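Worksheet: one structure, shown below.
Being a predicted model, the structure only gives us computed values, none of them experimental.
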Amino acid sequence: MNKDLSFFTKRLEELNIVLNKRQECQFLKYFDLLVSWNEKINLTAITDFEDVFIKHFIDSLSFIKAFDSFDDLVKSTEGKTLCDVGTGAGFPGIPLKILLPDLQVTLFDSLDKRIKFLNCVIDELELDGITAIHGRVEDLAKDELFREQFDFATARAVASLPVLSEYCIPFVKKNGFFIAMKSDKANDEISLSDNALKILGGKIENKYEFDLPGTDLFRVIIRIRKCLNTPNKYPRKAGTPSKNPL
């Protein structure tokens, strides 16, 4: 297979991101591991080389849109902590760790098979300062090791914003941020999230709309500041947030 990354670097330039050779090699190895493991466990329906780099890697790195510039992203995250809630195959947490080596990353996922894959990727890519944790986020968010311990929480998930906020905001420190990575339904979800954010202690600070580079896929990134501590009863027990959103 031709693994020319010129298409990848060109799309990254649209986000004002430039990778070094080590980072490019890490993304190539990540792709190889993803496709290989995907034959054994269900990680992704997207396996085409360019599609993975655009729809998974570029999509993950579009996290940068929540910041004024690449320099602002680096400055804002240097030495800080981020948790990726419901990371699945490692998106967006692992691409962000590759891009930002000084960011301390924790990956949460409920499926042990995926945790084994994530640990393999972390080892093979020789990433330091990143940990994969097995468990349901409803339980992990009640653990004092994780509750309100992170400068940033993020998720690239299909849950609606009120539900996703209940999963993610309890992990964030006061004055930290939940960066929600959403698609074309985001604006409808924002109008439904006022009550959830008020209860959970969050406030929408800004939103960023754009087409994913190299595609016509519409994206919205929502930057939510944690203004108040989250009441201890949240998140509610497993299944409740999605069945009965705040």
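Salt bridge annotation for R11-E14: present, with a cationic side-chain nitrogen under 4.0 angstrom from a carboxylate oxygen.
Considering CZ of F63 and CG of L82, their distance stands at 5.5 Å, rounded to 0.5 Å. To the nearest 0.5 Å, the span separating OG on S76 from CZ on F152 amounts to 6.0 Å. Atoms CG and CZ, from N229 and R147 in turn, are 9.0 Å apart once rounded to the nearest 0.5 Å. Here the straight-line distance linking atom CD of Q104 with atom NZ of K97 works out to 5.0 Å at 0.5 Å rounding. Taken from NZ in K116 to CG in L111, the straight-line distance is 9.0 Å, to the nearest 0.5 Å. The distance from the CG atom of L34 to the CH2 atom of W37 is 11.5 Å, given to the nearest 0.5 Å.
A centroid separation of 6.0 Å or more is found between the aromatic rings of F67 and F177.
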> How far apart are the C-alpha atoms of L33 and C120, what are their side-chain angles, what is the distance that settles it, and do they pass the side chain to side chain contact (heavy atoms under 4.5 Å, CB included) test?
Replying inline: CA-CA 8 Å; L33 290 168; C120 175; 4.0 Å; yes

Go through the steps to decide whether D102 and T77 satisfy the test side chain to side chain contact (heavy atoms under 4.5 Å, CB included), and finish with yes or no.
CA-CA 8 Å; D102 292 328; T77 59; over 6 Å; no

ask   = Under the side chain to side chain contact (heavy atoms under 4.5 Å, CB included) criterion, do K3 and D32 qualify, and how do the steps go?
value = CA-CA 11 Å; K3 293 187 176 180; D32 287 340; 2.4 Å; yes

>> Run the side chain to side chain contact (heavy atoms under 4.5 Å, CB included) test on T106 and Q149 for me, step by step, so that the C-alpha distance in whole Å, both residues' side-chain angles and the decisive distance to 0.1 Å come before the verdict.
In response: CA-CA 11 Å; T106 301; Q149 296 299 308; over 6 Å; no

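Taking 4.5 Å as the limit, every side-chain heavy atom of V18 sits out of range of all side-chain heavy atoms of F70. With a 4.5 Å cut-off on side-chain heavy atoms, D216 and D211 do not count as touching. Counting heavy atoms from C-beta outward, F178 and L161 have side chains that approach closer than 4.5 Å. Side-chain contact check for I204 versus I190: some heavy-atom pair is nearer than 4.5 Å. Side chains of F7 and I54 form a contact here, defined as non-hydrogen atoms less than 4.5 Å apart. Using a 4.5 Å heavy-atom cutoff, the side chains of R219 and K65 are not in contact. Side-chain contact check for L19 versus T9: every heavy-atom pair is 4.5 Å or farther apart.
Not a single donor-acceptor pair under 3.5 Å links the side chain of E205 to the backbone N or O of R225. Put simply, the side chain of E166 never gets that close to the backbone of A196: no donor and acceptor are under 3.5 Å apart. The backbone N or O of L43 sits less than 3.5 Å from a side-chain atom of N38, completing a donor-acceptor pair. Side-chain atoms of D151 come within 3.5 Å of backbone atoms of T81 as a donor-acceptor pair (strictly under, hydrogens ignored). In terms of modelled atom types and a separation under 3.5 Å, the side chain of T154 and the main chain of I179 share a donor-acceptor contact. For R156 (side chain) and F91 (main-chain N/O), no donor-acceptor pair under 3.5 Å exists by modelled atom type.
Using a 4.5 Å cut-off between side-chain heavy atoms of Ile, Leu, Val, Met, Phe, Trp and Tyr, with links allowed through other members, V121 and L61 fall into the same hydrophobic cluster. F8 and F210 fall within a single hydrophobic cluster, where Ile, Leu, Val, Met, Phe, Trp and Tyr side chains are chained together by heavy-atom contacts under 4.5 Å. Follow the hydrophobic side-chain contacts under 4.5 Å out from L96 and you never reach L164; the two are in separate clusters. A chain of hydrophobic side-chain contacts below 4.5 Å, direct or via other Ile, Leu, Val, Met, Phe, Trp or Tyr residues, connects F108 to Y167. Note on Y30 and I115: same hydrophobic cluster, where clusters join Ile, Leu, Val, Met, Phe, Trp and Tyr whose side-chain heavy atoms are under 4.5 Å apart, directly or indirectly.
Take S36 and apply the side-chain contact (heavy atoms from CB on, under 4.5 Å) test, not counting sequence neighbours, and it matches no residue. Applying the side-chain contact (heavy atoms from CB on, under 4.5 Å) test to T240 and every residue at least two apart in sequence or in another chain returns R236, K237. Residues satisfying the side-chain contact (heavy atoms from CB on, under 4.5 Å) criterion with I199, sequence neighbours excluded, are N195, Y234, L246. Residues passing the side-chain contact (heavy atoms from CB on, under 4.5 Å) test with D51, sequence neighbours excluded: I46, D48, K55.
Within a 6.0 Å radius of NZ in K243, no more than 12 heavy atoms belonging to other residues, nucleotides or ligands are found.
Ring geometry for F49 against F31 counts as perpendicular: the plane angle is over 60°, on a 0 to 90° scale with 30° as the lower cut.
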Identify each donor-acceptor pair in which a side-chain atom of residues 122-144 lies under 3.5 Å from a protein atom, sequence neighbours left out, and give them as a table.
{"unit_1": "H134", "atom_1": "NE2", "unit_2": "S110", "atom_2": "O", "d": "3.1"}
{"unit_1": "K142", "atom_1": "NZ", "unit_2": "P235", "atom_2": "O", "d": "3.1"}
{"unit_1": "D143", "atom_1": "OD1", "unit_2": "L145", "atom_2": "N", "d": "2.9"}

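Annotation for P241 and V163: closest pair O-CG2, 3.4 Å, computed over non-hydrogen atoms. Annotation for S242 and G239: closest pair OG-O, 3.2 Å, computed over non-hydrogen atoms. The two atoms that bring P162 and S193 nearest to each other are CG-CA, 3.9 Å, heavy atoms only. For the residue pair K226 and L228, the shortest heavy atom distance occurs at CE-O, 3.0 Å. Shortest non-hydrogen contact noted between D109 and G86 is OD1-C, 4.0 Å. The two residues S183 and V220 have their closest heavy-atom pair at O-CG2, 3.9 Å.
With D59 as the fixed residue, the side chain to side chain contact (heavy atoms under 4.5 Å, CB included) test singles out one of L212, L217, T215: L212.
Sequence neighbours left out, not one pair with a member in residues 75-92 passes salt bridge (charged side-chain N to carboxylate O under 4.0 Å, His left out).
Between D71 and S69, the side chains place no donor N or O within less than 3.5 Å of an acceptor N or O (distance only, hydrogens not considered).
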